[in-house]
Structures are given as C-alpha cells and as structure tokens.
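See below for the structure under consideration.
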Amino acid sequence: MADLQVTFITTPEEMAEALVVRMRVFVEEQGVPVAEEVDRYDTDPASNTTAVHVLGRLDGVAVATARLLLDAQKGEYPHIGRVAVLAEHRGRGFGVAVMRALQDEARRRGFAGITLSAQLHAIPFYERLGYVVRGPVYLDAGIEHRDMDLAFA
Ligand code: COA
C-alpha cells in the first residue's frame, strides 16, 4: 500500500488541490456553504503570512489537507482547522499524518500548544492525539462543535 506524502503548500496550484479536497468533504459531504468554507486564510501561499497549509498525496493525488492559523494573540495557542481526508481514504492514519505535520510546525515556530474547534463526531480522533475538550457545545456552519486544546509536553 502506498504511503501518504505530506508537504507544505507553497503554490496556488497546490492550494487549489487542497480546496478540491475540502470542497468534497465539507461542502459536498457535510453541506457547509461554499461562502463559509473558503476564507481569507486560503490565499496565495507565497504571500500568506497568516496560515500554513499541508497537503497529503497518495500516488500524486491529493487526498488530505489541514491548515494552521498563525495569527494567535501573544500567549494563545494557534488554531488548526479544515482537517479533511477524502471519505474513501479514511481510517488509514492520514488524518493523524496531516495533524502531526502541523503540530510539528507549530512547535518549530515556538508555540506552546494547539487549539481547535472539533465537530462532535471527530472528538475521539483528536483525543487520540492528546487533545482535551474545553467549554460547551456550539454551532458553527450549522454543525455542532466543541473547543479542544493540546499543550505540548
Ligand atoms: N470517530 C472515532 N474515531 C475516529 C474517527 C471518528 N470520527 N476518525 C478517526 N478516528 C480514529 C481512528 O479510528 C484512528 O484510531 P486508531 O489509531 O486507534 O486506529 C485514529 O482516530 C486516527 O485516525 P485516522 O485514520 O488518522 O483518521 P482519518 O484519516 O480517518 O481522518 C478525519 C479523520 C476526522 C480527518 C476524517 O474522518 C474526515 O476528514 N472527516 C470529515 C471532515 C471532518 O469532520 N473533519 C474534522 C472537522 S473538526
């Protein structure tokens, strides 16, 4: 079985590949409105100072993505979001692989941990990575979420 190749996105073409994955997962599968799915963090990677994105490829084809937002206030954790693996490739560790790449990047940049907004069904996935829930359930894009944090050891 082929391994997932995880790389940081550096070109508009790679960004477009990531958005294809996100459109399939969040817009087509989960019903998130397109207008809410793509935002100011999804701009040309060459000039984007507020987010880094990763792409997971299998035999050259994009199947997974996630992004780390860098505009956390001093003392706050940066946010990982838009974690998506195409449905037919789930359960093979690809979600963990893209998460680990961004966690390593956050650590390298001197952050002390990560925060994220977890869809309720994905809480066990993040708990396996060490994240802990914080606060109540709330709605975002019509989907129930809870905040979760990971403090780096
Ligand atoms: N519920 C419970 N456990 C889950 C899970 C879920 N929804 N998704 C994954 N896991 C578990 C796996 O069983 C695995 O456990 P194991 O190590 O004991 O085998 C572990 O978490 C790692 O799973 P992995 O194979 O890396 O996850 P994945 O590649 O299937 O990706 C998501 C997980 C959540 C990214 C993927 O299901 C997805 O894209 N979902 C739709 C988009 C979405 O909801 N994203 C999250 C928004 S907050």
Side-chain angles (χ1 to χ4, degrees), residues 2-30 32-87 89-90 92-119 121-123 125-134 140-141 143 145-153:
D3 288 333
L4 190 75
Q5 305 294 319
V6 180
T7 56
F8 287 91
I9 289 177
T10 59
T11 67
E13 291 75 20
E14 290 169 344
M15 193 64 231
E17 288 182 80
L19 289 177
V20 168
V21 173
R22 283 170 41 185
M23 287 296 161
R24 286 209 21 216
V25 171
F26 293 115
V27 177
E28 292 173 27
E29 181 184 335
Q30 296 193 340
V32 173
V34 180
E36 289 187 39
E37 175 50 31
V38 181
D39 63 19
R40 64 193 173 86
Y41 296 106
D42 301 322
T43 55
D44 181 351
S47 56
N48 188 346
T49 56
T50 56
V52 289
H53 297 253
V54 287
L55 195 60
R57 283 201 187 87
L58 206 54
D59 292 329
V61 178
V63 299
T65 187
R67 69 184 189 183
L68 171 71
L69 308 186
L70 301 169
D71 54 359
Q73 299 297 308
K74 194 170 171 14
E76 286 182 2
Y77 293 161
H79 192 279
I80 286 180
R82 302 301 200 271
V83 185
V85 176
L86 292 182
H89 296 291
R90 290 181 194 151
R92 297 165 65 183
F94 297 166
V96 164
V98 291
M99 286 296 296
R100 289 235 161 92
L102 289 181
Q103 290 173 187
D104 289 349
E105 177 64 12
R107 204 186 291 258
R108 194 185 68 76
R109 288 171 179 261
F111 291 109
I114 299 286
T115 191
L116 55 79
S117 178
Q119 293 183 19
H121 75 86
I123 287 176
F125 165 72
Y126 294 118
E127 284 178 334
R128 277 182 170 78
L129 284 159
Y131 289 79
V132 177
V133 290
R134 164 176 54 83
D140 185 15
I143 298 172
H145 287 75
R146 279 186 87 179
D147 290 336
M148 300 184 81
D149 298 322
L150 173 71
F152 294 148

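What you see is a predicted model, and the numbers here were worked out from it, not measured in a lab. Nothing fancy with the numbering, it's 1 onward along the sequence.
Scored by the side chain to side chain contact (heavy atoms under 4.5 Å, CB included) test, A51 finds Y41, N48, H53, L69 as partners (sequence neighbours excluded). Here Y126 pairs with nothing under the side-chain hydrogen bond (donor to acceptor under 3.5 Å, both in side chains) rule; sequence neighbours left out.
Taking all atoms of both residues into account, the shortest heavy-atom contact from V6 to A97 is CG2-CB, 4.1 Å. Contact record, P12 with D44: CG-OD1, 3.7 Å, taken as the closest heavy-atom pair. The two residues L102 and F8 come nearest to each other via the heavy atoms CD2-CE2, 4.1 Å. In terms of heavy-atom proximity, M148 sits nearest to A118 at SD-CB, 3.6 Å. Across all their heavy atoms, V85 and A64 have their closest contact at CG2-CB, 4.0 Å. Nearest heavy-atom pair across P78 and A106 is CG-CB, 4.3 Å.
If you take CG on D42 and CD on E37, they are separated by 7.0 Å, rounding to the nearest 0.5 Å. With rounding to the nearest 0.5 angstrom, the CD atom of E17 is 10.0 Å from the OG1 atom of T65. Atom CD of residue E105 and atom CG of residue L70 lie 7.5 Å apart, to the nearest 0.5 angstrom. Rounding to the nearest 0.5 angstrom, the gap separating the OH atom in Y131 from the CD1 atom in I123 is 13.5 Å. Rounding to the nearest 0.5 Å gives a distance of 8.0 Å between CG of D104 and CZ of F152. Distance CG/L68 to CD1/I114: 5.5 Å, rounded to 0.5 Å.
Looking at D39 and R82, a side-chain N of the basic residue comes within less than 4.0 Å of a carboxylate O on the acidic one, giving a salt bridge. A salt bridge links R90 to E29: at least one charged side-chain nitrogen sits closer than 4.0 Å to a carboxylate oxygen.
Looking only at side-chain heavy atoms (C-beta outward), Q103 and I80 come within less than 4.5 Å of each other. The closest side-chain heavy-atom distance from V132 to L150 is not below 4.5 Å.
Distance alone, capped at 3.5 Å, is enough to place a donor-acceptor pair between the H145 side chain and the I143 backbone. Without hydrogens or angle criteria, E76 side chain to A72 main chain gives no donor-acceptor distance under 3.5 Å.
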Worksheet entry | Stepwise side chain to side chain contact (heavy atoms under 4.5 Å, CB included) test for E127 and L129 | CA-CA 5 Å; E127 284 178 334; L129 284 159; over 6 Å; no

Worksheet item: Are Q30 and Q119 close enough, and set up right, to give a side chain to side chain contact (heavy atoms under 4.5 Å, CB included), and what steps lead you there?
Response: CA-CA 11 Å; Q30 296 193 340; Q119 293 183 19; 2.8 Å; yes

Fill in: Trace of the side chain to side chain contact (heavy atoms under 4.5 Å, CB included) decision for V38 with M23
CA-CA 9 Å; V38 181; M23 287 296 161; 3.5 Å; yes

Practice prompt. Begin from the C-alpha positions of I9 and R67 and carry the test side chain to side chain contact (heavy atoms under 4.5 Å, CB included) through to its verdict.
Written response: CA-CA 10 Å; I9 289 177; R67 69 184 189 183; over 6 Å; no

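Side-chain contact check for T115 and D149: at least one donor-acceptor pair (N or O, by modelled atom type) lies under 3.5 Å.
If you run side chain to side chain contact (heavy atoms under 4.5 Å, CB included) between R57 and each of L4, D3, T7, only T7 comes through.
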